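Everything below concerns the one structure shown next.
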Amino acid sequence: MANAHTGAFEQPSSFAFDSESEAEIAMLIARYPAGKQASAVIPLLYVVQRQMKRQTDSAWVPVKGMDAIAERLGMAPIRVYEVATFYFMFNMKPIGKYHLQLCTTTPCWLRGSDDVVAACRKETGIQGWGETSADGMFTMTEVECVGACVNAPILQVDDDFYEDMDAEKVAQLLGALRRGERPPKGSMSGRQNSAAEGGPTTLTTLQFAPEA
Amino acid sequence: MPKLTIDGIEVEVPNGSTILQAAEAAGIEIPRFCYHERLSIAGNCRMCLVEVEKTPPKPIASCAYPAGEGMVVHTDTPMVRNGRKGVMEFLLINHPLDCPICDQGGECDLQDQSVGYGGDHSRYDENKRAVKDKNLGPLVKTVMTRCIHCTRCIRFITEVAGVPDLGATSRGEHMEVGTYVEKALGSELSANIIDLCPVGALTSKPYAFVARPWELTKVDSIDVLDAVGTNIRIDARGSEVLRILPRVNEDVNEEWLGDKSRFAVDGLKRRRLDRPWVRRDGKLQPATWNEAFAAIADRIKGVGGDRIGAIAGDLCDAESVLALKDLMGALGSSNIDCRQDGAKLDAARRDFYCFNTSIVGIEEADALLIVGSNPRKEAPVLNARIRKAFVANGMKIGVIGAETDLTYKVTHLGDGPNALANAAAFLAGAQKPMILVGQGALTRADGAAILAACWKLAAEVGALKSDWHGFNVLHTAAGRVGALDLGFVPTGAGKDVAGMMGGGVDVLWLLGADGFDSARIGANTFVIYQGHHGDAGAHRADVILPGAAYTEKSGTYVNTEGRAQRGFMAIHPPGEAREDWTILRAFSGIIGRALPYDTIEALRARMEQVNPVFGRIGHLPRFGCGDLSGPAGDPAAIGSAAFAPAIEDYYQTDPISRSSPTMAACTASHGGAQALAAE
């Protein structure tokens, strides 16, 4: 199927929600008042994208999937296309097994996102943004601030944030992903959430009353 | 009713008006691209900036800012001018400088307004963005790099046409207007987006690189390819009609035009009859006018009036119909009929065959029952008005007939006339119900019964009141109502179309009548075909008299509402072809029964004498129904067969559109879509 966004890839000829998606859809549509189901279009696009991930190991939204959403929500298909193409979170063409989303906005950049990007390029062999590695494992996308600046730089893999990244940690993380492992998400430097690196630096002498 | 001051002019505008509308009321023009008075307000081009006193010191988009009591607005201050200049500079950043090869050149809003607000040079040194062109089918050509994202086309297709195919995908620098998945626009009104596009992004595909607007002579006329009577402007150069555009008429078409009416013009140059022909030795051979008239005069000599008949076709102007009627009268014949499709229309009273509610009246109705009609195909502009009423007032709409997408939500009550029994319950409670009877219901054997049954239903549900006439017949033929108004139907022992077939008459005069199977005409019947296209009727003819198409004559047409409207001649008929009424007048002189008019003014005086409606051109008084007695026909005699559509293929309904390559391309492109939908 030809459209404005086609590279060389095939759109599936059909799409049907599976039982897991159906359960999610029932819950999502129920959130909105009757007659306003169209409000559920963004969550449903995620449902389609996740189902594609389950079924094909590539999280993307095919045209037939958008048509299925349009039919379910009583919208014109073009209205779903508009929403889906507006948000960069929805992939309009197949991507690799792991979606590497690299934040390069100022805080991450100040904290060394250039190194993280270079390491990702080196590990995956990907040259440009939006491209997929030859082995089909990784797709690299440049994203704007993902809202975790305090633990910059951030490498988001699919839905998981890996924080406090550097070149070495990128190599480790991608290696683990290649082996089929999924290291725990969060800070890669070992700190708790966004607590100070190397332990507390203030209020260290604070005494708490003994617990009764 | 807020009162505000704009550039020192005080205006009072209705509640809910915007500053831009108030400025128009004050006679001040504000530049705009995205704002259009018949579409929803988008407010995205920012060209209409104005300054309002006592608001934060920044320009305001007047199209989207409500007019308020006591506002003081300035439309020409340094801030406004600078703001608009800035907007224009942004718009031109990605707009190509290809005006010399752009078909919009000369009638381009961006071109015009850049004269007022554009800079004399560009400060932009980067590369302009390029956008891939979209294939929107055989009618609309796209050059998407020129698009300034006003979204008028998207809003029209979604709101007015009701076929939401167009949208804006992606965002920011990457935003594109299109269908996303490649497909031809599915609307019969799709080409109106060409008129709406303020730049050259959407232009006419068949008219591409044909002419510049300043080369064209522009003539006002009336469209004849459906029965709505859309007001059109014919743009011609030399002896060629190059394009047809809609004219504004709030009562009829607002400013829309159906795709067929716009693009069938190339059919006017093909398969034309440009000289008389006479059948000699079984073969049609070229002849002179005198030879052709002599051949007819010879043949009708001694033939009794009851053996002569005439059928008026669908595209005929009222002038030629009356001339033919008078000629037949002079020959002693009352075998005349204008219902070549056999529609069981009752000409006894005008409101039996007119769209009595009127097109404007649709907007007042609160319930509509459509019987045996597909208004989307039969009258797309009128269908847009139904959709407008549906969107604005939530009009309740029921359909008896085939289930199709009419671009609004309908309740399907049944396939055949039997379902009329349930219709009273559907319309119950409506204050201003309408019943729309289509030709699909009337061209059947039980058509008269259905017409009577629909009238009876209208009386029962309160559609026939002294201040509201809710009984409507939707015609498909532009000439039909005019011919009925002139009484072009058999009277007394006169034969109708069916009676004239199979040797019912010896001499048959076809005035542009191509809409029936000419094989039904008796083998020994002498057929005279007067018309402009070598279509079905001409093939069967013994004598062909070349007439003028609607663009080539000044003619009066009565639309389905009963509104008489007049079109003017844009070009001369080709070759030896002549205006139709003059042909009939000339022939009447040859046989020594000269019709009593030598000028079109005299003929029109005679028309007015026959029926006063021809004296009020363009004007349609609204009226209620004072007499509930219905048309002839037994309402109980209705059959049970499902209604068949009156129009199978919207793009090819008459000799002009059948000769048009553009319409053939549309049929090919939409044939596939229809087959898919049927699956």
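Throughout, a chain's letter reflects where its sequence line sits, starting with A, and its residues are numbered from 1. Please read these numbers as outputs of a predicted model, since none were measured by experiment.
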Might you confirm whether atom [atom1] of [X] has over 12 heavy atoms from other residues, nucleotides or ligands at distances under 6.0 Å?
X: B:His412; atom1: NE2; answer: yes
X: A:Tyr32; atom1: OH; answer: yes
X: A:Glu181; atom1: CD; answer: yes
X: A:Tyr87; atom1: OH; answer: no
X: A:Glu168; atom1: CD; answer: no
X: B:Lys128; atom1: NZ; answer: yes
X: A:Glu71; atom1: CD; answer: no

Discussion item. Any heavy-atom pair between the side chains of A:Phe88 and B:Arg171 that's under 4.5 Å?
Written reply: yes
Practice prompt. Find out whether B:Thr158 and A:Arg79 are in side-chain contact, i.e. whether some heavy atom of one side chain is under 4.5 Å from a heavy atom of the other.
Written response: yes
Fill in: Atom pair CE/CZ of B:Met175 and A:Phe86 - distance to nearest 0.5 Å
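One finds 9.5 Å between CE of B:Met175 and CZ of A:Phe86.
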Item to complete: To the nearest 0.5 angstrom, please state how far the OG1 atom of B:Thr169 sits from the CE atom of A:Met92.
Response: 9.0 Å
Fill in: Neighbourhood of chain B inside residues 106-116 of chain A, taking heavy atoms under 4.5 Å as contact
none
Worksheet item: Can you say whether B:Ile154 sits under 4.5 Å from chain A via the side chain, the backbone, both, or neither, judging by heavy atoms?
Response: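 For B:Ile154, the contact with chain A is made by the side chain alone.
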Worksheet entry | For A:Glu24, salt bridge (Lys or Arg N to Asp or Glu O under 4.0 Å) partners two or more places apart |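 A:Glu24 satisfies salt bridge (Lys or Arg N to Asp or Glu O under 4.0 Å) with A:Arg50 once adjacent residues are dropped.
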Worksheet item: Where is the tightest heavy-atom contact between B:Val181 and A:Val63, given as atom of each residue plus distance?
Response: CG1-CG1, 3.6 Å
Discussion item. Which atoms of A:Met66 are under 4.5 Å from chain B, going by heavy atoms: the side chain, the backbone, both sets, or neither?
Written reply: side chain
